[in-house]
Amino acid sequence: MPLPAHWQAEPGQLLIDPSFSIAITGAEDARLQRAGERFLGDLRRRTGMLPLDFSQTDGKSAKLVVRIEHPSQSVQQLGEDESYSLAVSPSGATLNAPNRLGAMHGLETFLQLLNTTSQGFAVPALHIEDKPRFPWRGLMIDVSRHFIPIEVLRRNLDAMAAVKLNVFHWHLSDDQGFRVESRKFPQLQEKGSDGLYYSQEEIRSLIAYAGERGIRVVPEFDMPGHTTAWFVGHPELASAPGPYTIERKWGIFDPAMNPAEERTYKFLNTFIGEMAKLFPDEFFHVGGDEVNGKQWAANAKIQAFMRSRGIRDSAGLQAYFTMRVQKIVSRHGRTMLGWDEILQTGFPDSVVIQSWRGQESLAQAAKLGYRGVLSAGYYLDLMHPAWQHYAVDPMAGGAAKLSLAEQQRILGGEACMWSEYASPENIDSRIWPRMAAIAERLWSPEDTTDTAALYQRMATLDPRLEELGVTANSSYAPMLRRIAGSDDTSSLRTLADLVEPVKDYTREETAPVEPTSLLPLNRLVDAARPESKSARTFAQLVDALVAGRADADAKDEIRRWLTRWRDQAAELRATEAHAFLLDEVMPLSERLAGIASGGLEAMDYLEGRQPVPAAWKSEQLALLEQAEKPQAQLLLTVVPSIRRLVELGSQPRSSQSK
Ligand code: ACM
């Protein structure tokens, strides 16, 4: 995963035994040598053949020969060739690529192909010709709303490399925190971060870590809005006098930089100059989203400035500001990137627009001559299922109507992980494995759209991500233990496996108390996975039943699930007295028990064990309607499947499938 552009299976397999060896030939590239060492380390871990020396050898005797034509750029560039070809036969494998980027993608493919057979560990014989569909395949992580430590970012970079992503967009400042050490303006981090920021040393080291893995690091300093944290140390940048404190709530806030004062641009020139030295990537993201204009409207000097320049509204003022900032970014040798609100005519056509408000703005940017990256539809914090993200194609919507030249301006896409409800503990589970579905959309051919195959491959990838240190799965049990206040989490897990956090932006609307960055993220809604695997499996069983394809075993399985769900409530009730985090969970648990009992009755009626009482169906539908409502900001995902059972169980006998 992602599925290669072209591949063909061949007979036989290459055994990976203690004699396995790898040679890296062709052009010299120290970073590829190190990638080879990492590859061997991964292989050792996966096979458990720890004491054995998988060493790099010469091209004649090696089992896997990697060959590149030339070194890649020292600072990775957008659009460098990332293609590779991999041929595996029972006697050995060759991996050819123009440069280390393709070679590293090929090594990841090889690792994914490793499997356990009756003869030993093996990679199937095959031929792959692979290259990405889009040159920009990214993940944005917001480290402002909640600080995300470097080691968490590192393991996510490893996982990104495993699915051939190549851009890490680092959302470094926002109302709730300024997360970078500035030596020119140390008040930024000293007053704006609660002490939670990255030193320049840490930043350099993370950029190097990403670069070793073929991932560019694009910094974002969001301006002129989303800037409260800057103003705690530098109120002179703001459009109202302050004083300011770090924002603790979520939402869109009034503070915005003052576009009418020259000192703002002087400050930004020094600051962006410092950051351009720290971040070597060609692109520099200046945010630009969600400026509400209230501070501007309330400031007489700013209003006078607007009148003197014929600027009519706050959008016009933001356009003026962004034009000035673009010149600063350009002066420091960087190309500006911003959210779609910055879109206007008059920028150099190198500017890149990141569309978060919809696919139309991506098309609009392309029409105006700018390049674009799609994020609308790829917001991981909105808790949508993988299939939904997978169905979003950068070339669909408005882009489908563009000319070929305009379409070529669409660089790819980027998933966004906003961190209002993400912590170091649960962020991996919000990113993975759904990120892999988006990675595939951005790498694999357009016609790679089979959802069932997607889920199969995501399931295969899951343990591989865990081996890389991703805690999407491993953080689950400790979080459940904390909620249950017990090592025995089996009944809580039964429930937790079936619930998903509320979707879209409803987490604020449904919150029991106003959410802030100071509230713990230790509730079931924080532990629950964005997409319930159990609900998906159960829905498939019910599909089979409805279609008359369920045999006796399948029917028994449905009953087993329903019985567990019915019984978990009584078990949880017994522990509730000791564990305060279970209080809000109990009503959910009881609802699940209630609808599961109804599901069991439906099975009885369906199998003709009992006649259907007159009022039964309407009672069940009422229970289901109740169960469908969010409780503890969680959704019970099996409601639709149980509703189908109730419908089926209450049908007149003659029309029932067997
Ligand atoms: C955004 O989600 N405000 C870019």
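Just the heavy atoms: all of them, side chains too, but no hydrogens, waters or symmetry mates, feed the values below. Bear in mind that the values here come from a model prediction, so they are computed numbers and not experimental data.
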Legend entry - Interatomic spacing from CD in Gln189 to CZ in Phe178 - rounded to 0.5 Å: 7.0 Å
Inset, instruction - Evaluate the side-chain proximity of Leu43 to Leu114: yes if any heavy-atom separation is below 4.5 Å, no if none is. - result: yes
Inset, instruction - Hey, could you give me each pair passing ring-ring contact (aromatic ring centres under 6.0 Å, His included) that has a residue in residues 70-106? Not counting sequence neighbours. - result: His105-Trp443
Inset, instruction - Would you check, one step at a time, whether the test ring-ring contact (aromatic ring centres under 6.0 Å, His included) holds for Tyr455 with Tyr390? - result: CA-CA 11 Å; Tyr455 277 90; Tyr390 198 57; 8.4 Å; no
Inset, instruction - State, with a plain yes or no, whether a side-chain heavy atom of Met140 is found less than 4.5 Å away from one of Cys416. - result: yes
Legend entry - Ionic contact status for Asp381 with Lys503, cut-off 4.0 Å: no
Legend entry - Chi angles and distances behind the side-chain contact (heavy atoms from CB on, under 4.5 Å) call for Glu274, Gln200: CA-CA 11 Å; Glu274 182 186 17; Gln200 295 205 353; 3.0 Å; yes
Inset, instruction - Classify the angle between the aromatic ring planes of Phe271 and Phe221 as parallel (below 30°), tilted (30 to 60°) or perpendicular (above 60°). - result: perpendicular
Inset, instruction - State the OG-CD1 distance between Ser419 and Ile148, to the nearest 0.5 angstrom. - result: 5.5 Å
Inset, instruction - Kindly compute the distance separating CD1 (Ile68) from CG (Asp81), expressed to the nearest 0.5 Å. - result: 12.0 Å
Inset, instruction - Could you grab the distance from atom CD1 of Ile24 to atom CG of Leu32, nearest 0.5 Å is fine? - result: 4.0 Å
Inset, instruction - Over all heavy atoms of both residues, which pair between Ala161 and Glu108 is shortest? Give the atoms and the distance, please. - result: O-CG, 3.5 Å
Inset, instruction - May I ask you to test the Val217-His169 pair for a side-chain heavy-atom distance under 4.5 Å? - result: no
Inset, instruction - Verify the neighbour count for atom NZ of Lys131: are there more than 12 heavy atoms of other residues, nucleotides or ligands below 6.0 Å? - result: no
Inset, instruction - Report the C-alpha distance between Ser72 and Arg31 in whole Å, list the side-chain angles of each, state the deciding distance to 0.1 Å, and finish with yes or no for side-chain hydrogen bond (donor to acceptor under 3.5 Å, both in side chains). - result: CA-CA 9 Å; Ser72 57; Arg31 287 175 296 183; 3.3 Å; yes
Inset, instruction - Mind telling me whether Tyr379 and Trp356 have parallel, tilted or perpendicular rings, with 30° and 60° as the class edges? - result: parallel
Legend entry - Results of ring pair (Phe, Tyr, Trp, His ring centres under 6.0 Å) for Trp432 - residues two or more places apart only: none
Legend entry - Pair Arg46 + Glu467: basic N to acidic O under 4.0 Å: yes
Inset, instruction - In plain terms, say whether Asp450 and Arg457 are close enough for a salt bridge, that is, a side-chain N and a carboxylate O under 4.0 Å apart. - result: no
Inset, instruction - Just grab all the salt bridge (charged side-chain N to carboxylate O under 4.0 Å, His left out) pairs involving residues 1-10, residues at least two apart or on different chains. - result: none
Inset, instruction - Compare all side-chain heavy atoms of Ile215 with those of Leu165 and state whether any distance is below 4.5 angstrom. - result: no
Inset, instruction - Find out whether Asn156 and Asp428 are in side-chain contact, i.e. whether some heavy atom of one side chain is under 4.5 Å from a heavy atom of the other. - result: yes
Legend entry - Ring-face cation contact, Tyr197 with Arg179, 6.0 Å cut, 45° max: no
Inset, instruction - Output, in order, the C-alpha distance, side-chain angles, deciding distance and verdict of side-chain contact (heavy atoms from CB on, under 4.5 Å) for Leu521 and Glu425. - result: CA-CA 9 Å; Leu521 294 177; Glu425 184 174 47; over 6 Å; no
Legend entry - CD-CE distance between Gln456 and Met1, expressed to the nearest 0.5 angstrom: 11.0 Å
Legend entry - His6/Gln8 under side-chain hydrogen bond (donor to acceptor under 3.5 Å, both in side chains): CA gap, chis, key distance, verdict: CA-CA 7 Å; His6 302 282; Gln8 189 168 358; over 6 Å; no
Inset, instruction - Give every residue pair that meets the salt bridge (charged side-chain N to carboxylate O under 4.0 Å, His left out) criterion with at least one member in residues 405-418, sequence neighbours excluded. - result: none
Inset, instruction - For the residue pair Arg204 and Leu278, establish whether any side-chain heavy-atom pair is separated by less than 4.5 Å. - result: yes
Inset, instruction - Flag the pair Arg529 and Asp497 as a salt bridge only when some basic side-chain nitrogen lies within less than 4.0 angstrom of an acidic carboxylate oxygen. - result: no
Inset, instruction - Kindly indicate, with the supporting measurements, whether the criterion side-chain hydrogen bond (donor to acceptor under 3.5 Å, both in side chains) is fulfilled by Gln176 and Glu420. - result: CA-CA 10 Å; Gln176 295 81 358; Glu420 282 89 345; 5.9 Å; no
Inset, instruction - Can you establish whether the number of heavy atoms outside Glu151 located under 6.0 Å from its atom CD is more than 12? - result: yes
Legend entry - Side-chain touch Val352/Tyr370, heavy atoms, less than 4.5 angstrom: no
Inset, instruction - Kindly check if the number of other-residue, nucleotide or ligand heavy atoms within 6.0 Å of NE2 (His332) is above 12? - result: yes
Legend entry - All pairs passing salt bridge (charged side-chain N to carboxylate O under 4.0 Å, His left out) where residues 206-218 contributes a residue, at least two apart: Arg34-Glu212, Arg38-Glu212, Asp158-Arg213, Arg216-Asp281
Inset, instruction - Start with the C-alpha distance between Leu206 and Phe168, add both sets of side-chain angles, then the distance that settles side-chain contact (heavy atoms from CB on, under 4.5 Å), and finish with yes or no. - result: CA-CA 10 Å; Leu206 193 82; Phe168 169 50; 3.9 Å; yes
Inset, instruction - For residues Gln112 and Leu461, determine if any side-chain heavy atom of one lies less than 4.5 Å from a side-chain heavy atom of the other. - result: yes
Legend entry - Side-chain donor-acceptor contact under 3.5 Å, Ser534 with Ser532: no
Inset, instruction - Classify the side-chain pair Gln119/Gln13 by whether it contains a donor and acceptor separated by less than 3.5 Å. - result: yes
Legend entry - Electrostatic pair Arg357:Glu360 at N-O distance under 4.0 angstrom: no
Inset, instruction - Output, in order, the C-alpha distance, side-chain angles, deciding distance and verdict of side-chain contact (heavy atoms from CB on, under 4.5 Å) for Ile22 and Val66. - result: CA-CA 7 Å; Ile22 168 175; Val66 182; 4.1 Å; yes
Inset, instruction - List in chain and number order the residues that pass ring pair (Phe, Tyr, Trp, His ring centres under 6.0 Å) with His171, two or more places apart in sequence or in another chain; answer none if no residue qualifies. - result: Trp418
Legend entry - Nearest-0.5 Å distance, CZ of residue Arg100 to CD of residue Gln73: 10.5 Å
Inset, instruction - List the steps and the verdict of side-chain hydrogen bond (donor to acceptor under 3.5 Å, both in side chains) for Ser91 and Lys63. - result: CA-CA 7 Å; Ser91 59; Lys63 277 282 162 59; over 6 Å; no
Legend entry - Sidechain N-carboxylate O distance under 4.0 Å for Glu181, Arg183: yes
Inset, instruction - Evaluate the ring planes of Phe279 and Trp170, with Trp represented by its six-membered ring, and classify them as parallel (under 30°), tilted (30 to 60°) or perpendicular (over 60°). - result: perpendicular
Inset, instruction - Give the intermediate values and the outcome of salt bridge (Lys or Arg N to Asp or Glu O under 4.0 Å) for residues Arg464 and Glu466. - result: CA-CA 5 Å; Arg464 164 105 187 94; Glu466 192 161 333; over 6 Å; no
Legend entry - N-O pairing of Glu82 and Arg137 below 4.0 Å: yes
Legend entry - Stepwise ring-ring contact (aromatic ring centres under 6.0 Å, His included) check, Phe121 with Phe20: CA-CA 11 Å; Phe121 298 111; Phe20 182 81; over 10 Å; no
